[in-house]
Colleague: 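Okay, handing you the structure first.
Chain letters run A, B, ... following the sequence lines, proteins first and then strands; every chain starts at 1. Note that the structure is a prediction, hence the values are computed from the model and not measured.
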2 protein chains.
Amino acid sequence: MLTLQNAGISKTSQRLAVLNILLKATKPLSVSTIRQSIEKEADIDKVTVYRILSLFRKRGIIRKIASAGGANYFEIATLENPLHPHFSCRNCGALTCLAPLPFTKAPELILSKDDYSIDHIEINISGLCACCRNTAKTKTSLHQREE
Amino acid sequence: MLTLQNAGISKTSQRLAVLNILLKATKPLSVSTIRQSIEKEADIDKVTVYRILSLFRKRGIIRKIASAGGANYFEIATLENPLHPHFSCRNCGALTCLAPLPFTKAPELILSKDDYSIDHIEINISGLCACCRNTAKTKTSLHQREE
DNA sequence: ATAATTGTTGCAACTCGGTTGCATTTTTGA
DNA sequence: TCAAAAATGCAACCGAGTTGCAACAATTAT
Ligand SMILES: [Mn+2]
Ligand SMILES: [Mn+2]
Ligand SMILES: [Zn+2]
Ligand SMILES: [Zn+2]
């Protein structure tokens, strides 16, 4: 089970709050989303959130997902939640998790020589989520996205 | 051959400059890099560069590559330069192109049902480039990167 | 040729994600 | 209990990217 303790991170209320939000999430979260899902009275400064996420990443308990739209997203990284591709909807911007693929084969596929040492592979897919595709068929979609 | 003309884009000195820079490049370029590789006297406003890149993308002659470090990168998208993974060095931040993979198989692999319609697949790999790995062995590397 | 229209650029101001420095608070531990 | 170390918050800042508008250039119509 993933706790601050067995990740070797000293326990503070802010770190606990951020960890619990990430544990509950079913998709990667941005910093602003993380902060919004914290009670008003327990508000955490954005700098603190960045520092906590940076620490979590150093300890290997979360990973960062890059997105074309500026912000980065974060999700729990455990054995039960291995690295996997993500789907980014062109219309509403929603970022969802896809089923894990055998990334373990990717290094051999990609590395012909000794040119790179790989420590992270990220696959991001974009298009239309089912929801947006359906609404697009009927009306012109509710929530647009540029990109 | 890729020109503004046969891409259906009216010719201006600014668009020509940006296109030529992208055509010469051997790796994806950021907006700031593009602007820096323009002669001082022919300087192009950053807004104009963004508008040009957006237009090029709409015409399908360039593609955008997301990176974890904030900025987006751009490269020519032609039949001779099909979609491919990129390598991002954890140490120096260099972004290089890797050999194309059979992405065409990916949609079937990823989409079990009818949940998404895919129009772009991006694979980003990060680690250490050969250069940085070697220098890291001897000295502590010259140019560091956080991330 | 001239005027009206349209397309393109540049400037200023702004938003947003993320970082840095420093003072203040909290925790640790001798 | 008291000092050192760690963690938080605040303010100020930076860089990427966007928006509105005025100036300018290229077309098109009169
Ligand atoms: Mn995920
Ligand atoms: Mn490339
Ligand atoms: Zn959607
Ligand atoms: Zn490197």
Colleague: To the nearest angstrom, how far is B:Arg35 atom CZ from C:dG10 atom C1'?
Modeller: 11 Å
Colleague: Check the phosphate of D:dA16 against B:Asn72, side-chain N and O only, distance under 4.0 Å to OP1 or OP2. Yes or no?
Modeller: no
Colleague: Using modelled atom types only, decide if a donor and an acceptor are shared between the side chain of B:Gln14 and the backbone of B:Ile44 within a distance under 3.5 Å.
Modeller: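 No.
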Colleague: Nearest to the side chain of B:Ile44, which nucleotide is it out of C:dT9, C:dG10, C:dG17?
Modeller: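 The listed nucleotide nearest to B:Ile44's side chain is C:dG10.
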Colleague: Given atom CG of A:Leu16 and atom P of C:dT27, what is their separation to the nearest angstrom?
Modeller: 13 Å
Colleague: Could you check A:Leu55 against A:Val47 and say which one's nearest nucleotide on DNA chain D is further toward the 5' end?
Modeller: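 Going by which nucleotide is closer to the 5' end, it is A:Leu55.
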Colleague: Which nucleotide sits closest to the side chain of A:Lys46: C:dT9, C:dG18, D:dG17?
Modeller: C:dG18
Colleague: To the nearest angstrom, how far is B:Lys58 atom NZ from C:dG7 atom P?
Modeller: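 Result: 13 Å.
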Colleague: Starting from P on C:dG10, measure out to CD on B:Glu41 and report it in whole angstrom.
Modeller: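 That distance rounds to 14 Å.
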Colleague: Should A:Leu55 and A:Ile9 count as side-chain neighbours, where that means a heavy-atom distance under 4.5 Å?
Modeller: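 Yes. Closest side-chain heavy atoms under 4.5 Å.
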Colleague: Which one, C:dC11, C:dG17, D:dC10, comes nearest to the side chain of B:Asp45?
Modeller: C:dC11
Colleague: Using whole Å, report how far CG of A:Leu53 lies from C1' of C:dT19.
Modeller: 14 Å
Colleague: Quick check on C:dT26: is either OP1 or OP2 less than 4.0 Å from any side-chain nitrogen or oxygen of A:Gln14?
Modeller: no
Colleague: It should be established whether A:Ser10 places a side-chain nitrogen or oxygen under 4.0 Å from OP1 or OP2 of nucleotide D:dA7.
Modeller: yes
Colleague: Taking OP1 and OP2 of C:dT9, is either one under 4.0 Å from a side-chain nitrogen or oxygen of B:Thr12?
Modeller: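 Yes, B:Thr12 has a side-chain N/O under 4.0 Å of OP1/OP2 on C:dT9.
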Colleague: How many whole angstroms separate atom CZ of A:Phe74 from atom C1' of C:dG17?
Modeller: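 A:Phe74 atom CZ is separated from C:dG17 atom C1' by 10 Å.
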Colleague: Provide, to the nearest angstrom, the distance between the CD1 atom belonging to A:Ile38 and the P atom belonging to D:dT8.
Modeller: 11 Å
Colleague: Of all the choices, C:dG17, C:dG21, C:dG10, which nucleotide is nearest to the side chain of B:Thr48 once you look at every atom?
Modeller: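 Nearest to the side-chain atoms of B:Thr48, counting from C-beta on, is C:dG10.
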Colleague: Is there a side-chain hydrogen bond (donor to acceptor under 3.5 Å, both in side chains) between A:Asn6 and A:Thr3? Walk through the geometry before answering.
Modeller: CA-CA 6 Å; A:Asn6 58 34; A:Thr3 66; 3.3 Å; yes
Colleague: Might you point out which heavy atoms bring A:Ile21 and A:Ile34 nearest each other, and give the distance in Å?
Modeller: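 Smallest interatomic distance, heavy atoms only, reads CD1-O, 3.7 Å.
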Colleague: A:Tyr50 has an atom OH; how far is it from atom P of C:dG21, in whole Å?
Modeller: 18 Å
Colleague: Do you know which of B:Thr26, B:Ile65, B:Leu95 makes side-chain contact (heavy atoms from CB on, under 4.5 Å) with B:Glu75?
Modeller: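 With B:Glu75 as partner, B:Thr26, B:Ile65, B:Leu95 yield a single side-chain contact (heavy atoms from CB on, under 4.5 Å), made by B:Ile65.
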Colleague: Give the nucleotide from the list D:dG20, D:dC10, C:dT8 with an atom nearest to the side chain of B:Arg51.
Modeller: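 That would be D:dG20.
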